[in-house]
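Heads up, the thing below is written out as structure tokens.
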Amino acid sequence: MSTVLPSSSETITTDVPARIDRLPWGRWHWRVVIALGITWIIDGLEVTLVGAIGGVLGQKETLHLSEGQIGLLGTSYLIGAVLGSLVFGYLTDRLGRKPLFTVTLGLYLGAAFCTAFSWDFWSFAVFRFLTGAGIGGEYSAINSAIDELIPARVRGRVDLRINGSYWIGAAAGSLASLLLLDTDIFPVNLGWRLGFGIGALLGLIIIFYRNHVPESPRWLATHGRGDEANRVVEEIERHFTEDGVKLEPVHESITLHARHDVGFGLIARTMVHTYPGRTLLGLSLMISQAFLYNAVFFTYALVLVRFYDVPSAETGLYLLPFALGNFLGPVLLGHFFDTVGRKPMIAGTYTISAILLAATGWLFTQDLLTATTQTLLWSVIFFFASAASSSAYLTVSEVFPLEMRGLAIALFFAVGTTIGGSAAPALFGYLIGTNDRFNLFYGYLLASALLAIAVIATILFGVKAEGASLESVADPLSKVADSPKA
């Protein structure tokens with residue numbers, strides 16, 4: 001079985017990472033994936049619902065918000081997500097994965113539930129801020145835990161599929177909005193409230209389910225808690241041996257010097273001096289995918305209404321094939337990120353997305369599309385773009401040392417969301433307002449150019465992380481210099 005050998009009062013030699021990576025895929029992994037990944041489904045449902053109820057919130061029978069106030073609700077959520085990712089990302093590295101993925105989900109669900117009882121603009125804005133803070137923290141805590149608990153040979157596909165599950169919720173939210181906002185079924189001031197309340201109550205089940213997900217043994221080992229890490233892995237292994245699986249012994253270990261905290265100075269030096277190429281890669285991937293998604297998704301309904309005369313009440317129906325394409329991309333392509341490899345698949349999905357986006361934009365300028373064909377083309381584009389976007393989160397979560405993984409995810413999420421999330425909706429909202437198809441086309445070309453820059457960064461700085469242990473992709477900051485190869 002395991003060895004956790006004390007080499008001094010401050011160092012341990014452990015085979016915990018190798019034992020996690022050699023596990024076969026089993027029921028235990030499915031439970032982890034469901035417990036940690038369900039948040040994205042709930043978030044997709046809730047975000048889509050918020051977009052759908054914008055017009056309802058402006059009515060006198062509800063909160064009677066102005067268009068400016070409705071727009072500020074999105075800003076409130078965005079600010080919360082950025083700040084939440086940074087605060088909880090830091091705490092994820094300092095306090096552990098398990099405490100934070102419980103706290104962040106609790107905050108997210110609690111704030112979403114309170115949103116159902118909003119009584120004016122400020123109450124709604126505060127609850128949206130807190131909801132954003134929760135989901136921002138989830139990105140760091142969940143992606144860190146998933147990467148560190150999932151065997152290396154399937155880490156890519158699992159990560160992509162979990163992040164892609166957001167679009168199951170988006171599709172459900174689109175369908176739910178048609179029901180909840182139907183005044184023949186629910187009063188105008190009740191339906192939208194039920195959407196938030198029901199989603200939050202369903203999520204409460206997941207909090208209790210997450211209690212069975214252990215702390216990351218890798219995190220425990222780097223924090224000097226080798227015996228505890230060993231006990232966690234032994235418990236995981238027991239699930240497999242009880243099912244009759246014979247686990248082969250491992251012969252790889254790593255020697256670590258316990259670190260209980262990593263200062264911002266060390267993190268900055270690691271990102272700027274040790275891994276400058278990876279830092280540029282992460283920034284290019286995250287900014288370009290955030291810009292693309294915010295450019296198209298958050299102006300989706302505006303394009304349909306303004307250029308194709310689709311009634312605003314029917315735009316939700318057009319979201320369904322779009323959501324389907326976004327979900328199927330990571331599901332069907334995820335396998336190839338582990339087999340063909342990270343660099344060719346990341347570069348390939350970003351390249352195809354850029355070319356298709358530019359081509360669709362040109363067809364749009366020539367007035368050769370209908371609302372249906374425009375939607376179908378967007379669905380094809382985001383079949384590839386969704387896999388590309390998910391691979392951006394995979395990349396920033398696996399190419400930096402374990403001790404700073406949570407904060408690294410948070411930093412890239414914050415930068416990508418701030419730049420892409422802020423600039424794209426405002427720019428494309430303005431371009432749509434000009435009623436000039438060519439102006440909008442230039443916006444699509446800008447998004448394509450950003451994707452092309454990400455492709456170049458991938459070719460130059462991409463990391464061949466497929467099938468490799470996290471410790472071999474990036475040495476832990478706590479690794480002893482003469483440690484055996486993990």
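Nothing fancy with the numbering, it's 1 onward along the sequence. Basis for what follows: all heavy atoms, side chains included, without hydrogens, waters or symmetry-related copies.
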**Message:** If you define the side chain from C-beta out and look only at heavy atoms, does anything of Pro217 sit under 4.5 Å from Ile20?
**Reply:** yes
**Prompt:** Judged by atom type as modelled, is there a donor-acceptor pair below 3.5 Å linking the side chain of Ser144 to the main-chain atoms of Ala141?
**Reply:** no
**Asked** Listed by chain and number, what are the side chain to side chain contact (heavy atoms under 4.5 Å, CB included) partners of Leu411, not counting sequence neighbours?
**Response** Leu86, Met271, Leu407
**Asked** So, Glu466 and Arg153, do they make that salt bridge, N to O below 4.0 Å?
**Response** no
**Asp21/Arg218 salt bridge by N-O under 4.0 Å criterion** = yes
**Item:** Donor-acceptor pair between Arg19 and Asn230 side chains, under 3.5 angstrom
**Value:** yes
**Item:** Between Asp147 and Asn143: side-chain donor-acceptor atoms closer than 3.5 Å
**Value:** no
**Residue pair Val232 / Glu215, side-chain heavy-atom distance below 4.5 Å** = no
**Asked** What pairs of residues pass the side-chain hydrogen bond (donor to acceptor under 3.5 Å, both in side chains) test when at least one of them lies in residues 269-285, not counting sequence neighbours?
**Response** none
**Those residues that, when tested against Thr360, pass side chain to side chain contact (heavy atoms under 4.5 Å, CB included) (two or more places apart)** = Leu369, Gln374, Leu377, Ile381
**Prompt:** Of Thr395, Val455, Thr351, which meets side chain to side chain contact (heavy atoms under 4.5 Å, CB included) against Ile346?
**Reply:** Thr395
**Asked** Can you tell if the side chain of Leu83 reaches within under 4.5 Å of the side chain of Phe129, non-hydrogen atoms only?
**Response** yes
**Message:** If you compare all heavy atoms of Ala81 against all heavy atoms of Ile135, which two are closest, and at what distance to 0.1 Å?
**Reply:** CB-CG2, 4.4 Å
**Asked** Got a sec, which residues hit side-chain hydrogen bond (donor to acceptor under 3.5 Å, both in side chains) with Arg161, two or more places apart in sequence or on another chain?
**Response** none
**Asked** Which residue pairs satisfy the side-chain hydrogen bond (donor to acceptor under 3.5 Å, both in side chains) criterion with at least one member in residues 238-249, sequence neighbours excluded?
**Response** Arg27-Asp243, Arg31-His239, Glu235-Arg238, Arg238-Glu242
**Item:** Closest contact, heavy atoms only, Ala358 versus Leu445
**Value:** CB-CD2, 3.9 Å
**Message:** Between Thr13 and Ser253, is there a side-chain donor-acceptor contact under 3.5 Å, judged purely by atom types and distance?
**Reply:** no
**Request:** Measure from the side-chain N and O atoms of Ser391 to the backbone N and O of Ala388, and report whether any donor-acceptor pair falls under 3.5 Å.
**Result:** yes
What donor-acceptor contacts under 3.5 angstrom involve side-chain atoms of residues 398-405, with partners at least two apart or in another chain?
residue, atom, partner, partner atom, Å
Glu398, OE1, Arg155, NE, 2.9
Glu398, OE1, Arg155, NH2, 3.1
Glu398, OE1, Arg342, NH2, 3.1
Glu398, OE2, Arg342, NE, 2.8
Glu403, OE1, Leu477, N, 2.9
Glu403, OE2, Leu477, N, 3.2
Glu403, OE2, Ser478, N, 2.8
Glu403, OE2, Ser478, OG, 2.5
Arg405, NE, Ser397, O, 2.4
Arg405, NH1, Glu148, OE2, 2.7
Arg405, NH2, Phe400, O, 3.3

**Prompt:** Could you give the distance from CD1 (Ile456) to CG (Leu280), rounded to the nearest 0.5 Å?
**Reply:** 12.5 Å
**Message:** Is it the case that the ring center of Trp167 lies less than 6.0 angstrom away from the ring center of Phe322?
**Reply:** yes
**Request:** Look only at the side chain of Ser140 and the backbone of Gly406, and say whether a donor-acceptor pair between them is shorter than 3.5 Å.
**Result:** yes
**Message:** Using only atom types and a distance under 3.5 Å, with no angle test, would you say the side chain of Arg210 pairs donor to acceptor with the backbone of Ala35?
**Reply:** yes
**Asked** Side-chain donor-acceptor pair under 3.5 Å between Ser389 and Ser386, yes or no?
**Response** no
**Request:** State, with a plain yes or no, whether a side-chain heavy atom of Ser288 is found less than 4.5 Å away from one of Ile453.
**Result:** no
**Item:** Partners meeting side chain to side chain contact (heavy atoms under 4.5 Å, CB included) with Leu324 (sequence neighbours left out)
**Value:** Leu328
**Message:** Would you say the rings of Phe441 and Phe364 are close, in the sense that their centroids are separated by under 6.0 Å?
**Reply:** no
**Fill in**
With sequence neighbours left out, the residues meeting side chain to side chain contact (heavy atoms under 4.5 Å, CB included) with Ala221 are Ile12, Thr14, Ala229, Leu256
**Request:** Please check if the side chain of Lys464 supplies one atom and the backbone of Lys343 the other of a donor-acceptor pair under 3.5 Å.
**Result:** no
**Minimal non-hydrogen separation, Gly462 against Leu281, with atom names** = CA-CD2, 3.9 Å
**Request:** Identify the two heavy atoms, one from Phe384 and one from Thr349, that lie closest to each other, and give their separation to 0.1 Å.
**Result:** O-CB, 3.7 Å
**Complete:** When Asp43, Thr131, Thr39 are each screened for side chain to side chain donor-acceptor pair (under 3.5 Å) with Tyr108, the one that passes is Asp43
**Item:** Flag side-chain contact, heavy atom, 4.5 Å: Trp25 against Ile150
**Value:** yes
**Minimum heavy-atom distance between Pro214 and Lys98, given as atom pair plus value** = C-CD, 4.1 Å
**Asked** With sequence neighbours left out, what residues match Arg157 under salt bridge (charged side-chain N to carboxylate O under 4.0 Å, His left out)?
**Response** Asp338
Expected list for residues 412-420: side-chain donor-acceptor pairs under 3.5 angstrom, two or more places apart:
residue, atom, partner, partner atom, Å
Thr417, OG1, Phe413, O, 2.7
Thr418, OG1, Ala414, O, 2.6

**Prompt:** Which residue pairs pass the side-chain hydrogen bond (donor to acceptor under 3.5 Å, both in side chains) test with at least one member in residues 319-333, sequence neighbours excluded?
**Reply:** Tyr293-Asn326
**Prompt:** Could you give all pairs that pass the ring pair (Phe, Tyr, Trp, His ring centres under 6.0 Å) test and reach residues 444-469, with sequence neighbours left out?
**Reply:** Phe428-Tyr444
**Asked** Quick one: are Tyr350 and Thr458 in side-chain contact, heavy atoms under 4.5 Å?
**Response** no
**Fill in**
Residues Ala410 and Ser85: closest non-hydrogen pair is CB-O, 2.8 Å
